[in-house]
*Asks:* 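Below you'll find the structure I mean.
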Amino acid sequence: AVLGCALLLPTVLGEDCPSQCSCWSLGEPWGTGVDCSSRGLRALPALPRLTRSLHLHNNSLASIPAGALDSLGHLQELRLWDNPWHCDCHILYLKLWLQDFSAPALTRLRCASPAPLRMKPLGELTGNDLGVCARLLPTKCLQFFWRDLILIAGTVITLLLVAWALKFSKKLVCQLSLGSRRLRRSIPKTH
């Protein structure tokens with residue numbers, strides 16, 4: 001049975017391992033090591049879900065797509081240095097993700113472009129450095145904003161209608177009360 005598991009493991013790793021990288025098992029409960037260093041990568045490849053060690057250093061990565069590292073819940077080691085990071089709005093995801101994951105890894109990364117930020121540590125970037133981003137809020141946030149705005153407007157209109165209905169009903173009750181008093185006065189009492 002142990003030999004059968006040993007024969008299956010390379011096949012599983014081969015299927016999950018990106019073609020441009022090399023992968024190795026760290027043992028079943030520990031996950032996978034993935035080495036994509038010095039491969040000339042310009043984009044992050046699809047990575048095995050159980051990646052525990054990831055080497056992406058010495059490539060041509062300029063940014064990491066937002067959300068690309070979120071599914072790597074077992075990741076414990078990440079090497080990203082020696083990449084030409086382009087420090088604009090697209091680098092913000094990587095900066096924030098690394099602040100949570102590993103502050104030391106963040107301190108090793110430096111901007112390669114644009115020229116005013118060349119060699120500035122990624123961890124020291126501020127909103128002023130990144131300039132005005134074309135899309136300040138993700139599309140989903142904007143959708144929630146419009147949805148919430150419509151709900152608020154609907155609530156305000158409903159409250160105004162309820163207030164108007166209450167005011168109208170008070171007038172109606174007063175008119176009915178006055179009308180019934182007049183009616184009582186006009187009906188002769190018979191004893």
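Atoms considered below: every heavy atom in the structure, side chains included; atoms not considered: hydrogens, waters and symmetry mates.
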*Asks:* Backbone N or O of Ala115 within a donor-acceptor pair of the Ser113 side chain at under 3.5 Å?
*Replies:* no
*Asks:* If you round to the nearest 0.5 Å, how far is CG of Leu122 from CG of Asn83?
*Replies:*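 Answer for the CG-CG pair, Asn83 versus Leu122, is 11.5 Å.
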*Asks:* CD/Gln20 to CG/Asn59 distance, rounded to the nearest 0.5 angstrom?
*Replies:* 9.5 Å
*Asks:* Apply the test side chain to side chain contact (heavy atoms under 4.5 Å, CB included) to residues Trp85 and Leu117: give CA-CA distance (whole Å), side-chain angles for both, the deciding distance (0.1 Å), then the verdict.
*Replies:* CA-CA 10 Å; Trp85 301 110; Leu117 300 177; over 6 Å; no
*Asks:* Quick one, His74 and Pro48 - any side-chain contact, counting heavy atoms below 4.5 Å?
*Replies:* no
*Asks:* Any side-chain heavy atom of Lys120 sitting closer than 4.5 Å to one from Leu125?
*Replies:* yes
*Asks:* Could you tell me how the ring of His55 sits relative to the ring of His57: parallel (under 30°), tilted (30 to 60°) or perpendicular (over 60°)?
*Replies:* tilted
*Asks:* What's the separation between atom OG in Ser53 and atom CG in Leu75, rounded to the nearest 0.5 Å?
*Replies:* 7.5 Å
*Asks:* Calculate, to the nearest 0.5 Å, the distance between atoms CG and CZ belonging to Leu54 and Arg79 respectively.
*Replies:* 10.0 Å
*Asks:* Linking I/L/V/M/F/W/Y whenever any side-chain heavy atoms sit under 4.5 Å apart, do Leu78 and Leu50 land together?
*Replies:* no
*Asks:* Would you mind reporting whether Cys111 and Pro121 have side-chain heavy atoms less than 4.5 Å apart?
*Replies:* no
*Asks:* How long is the span from the SG atom in Cys87 to the CD atom in Glu124, to the nearest 0.5 Å?
*Replies:* 11.5 Å
*Asks:* Roughly how far, to the nearest 0.5 Å, is the CG atom of Leu106 from the CG atom of Asp100?
*Replies:*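 So the gap between those two atoms works out to 10.5 Å.
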*Asks:* Does a side chain donor of either His86 or Ser63 reach within less than 3.5 Å of an acceptor in the other side chain?
*Replies:*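 His86 vs Ser63: no donor-acceptor pair found between side chains.
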*Asks:* Flag the pair Leu94 / Leu69 as yes when at least one side-chain heavy-atom distance between them is below 4.5 Å, and no otherwise.
*Replies:*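 Touching, per the 4.5 Å side-chain cut-off.
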*Asks:* Of all the heavy-atom pairs spanning Asp88 and His90, show the shortest one and how long it is.
*Replies:*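 Between these two residues, the closest heavy atoms are OD1-N, 2.9 Å.
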*Asks:* Can you confirm whether Leu47 sits close enough to Leu72 that some side-chain heavy atom of one is under 4.5 Å from a side-chain heavy atom of the other?
*Replies:* yes
*Asks:* Does any non-hydrogen side-chain atom of Val34 lie less than 4.5 Å from one of Trp24?
*Replies:* no
*Asks:* Quick one, Leu80 with Leu98, criterion side chain to side chain contact (heavy atoms under 4.5 Å, CB included). Give me CA distance, side-chain angles, the key distance, then yes/no.
*Replies:* CA-CA 10 Å; Leu80 289 169; Leu98 283 171; 4.0 Å; yes
*Asks:* Any chance the side chains of Gln76 and Arg52 put a donor and an acceptor closer than 3.5 Å?
*Replies:* yes
*Asks:* List the steps, then state whether side chain to side chain contact (heavy atoms under 4.5 Å, CB included) holds for Leu96 with Phe101.
*Replies:* CA-CA 9 Å; Leu96 295 174; Phe101 177 74; over 6 Å; no
*Asks:* Is there a side chain to side chain contact (heavy atoms under 4.5 Å, CB included) between Ile64 and Trp97 once you walk through the steps?
*Replies:* CA-CA 10 Å; Ile64 301 287; Trp97 190 87; over 6 Å; no
*Asks:* For atom CH2 of Trp81, decide whether the heavy atoms of other residues, nucleotides or ligands shown that lie under 6.0 angstrom number more than 12.
*Replies:* yes
*Asks:* Search all heavy atoms of Cys36 against all heavy atoms of Leu41 and return the closest pair with its distance.
*Replies:* CB-CD1, 3.6 Å
*Asks:* Closest heavy-atom contact between Asp35 and Ser37?
*Replies:*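 In this case the closest contact between Asp35 and Ser37 is OD1-OG, 2.6 Å.
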*Asks:* Under the 3.5 angstrom rule, does the side chain of Arg118 hit a backbone N or O of Pro116 as a donor-acceptor pair?
*Replies:* no
*Asks:* List the atom of Ala68, the atom of Ser71, and the distance in Å for their closest heavy-atom pair.
*Replies:*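 It is O-OG, 4.4 Å.
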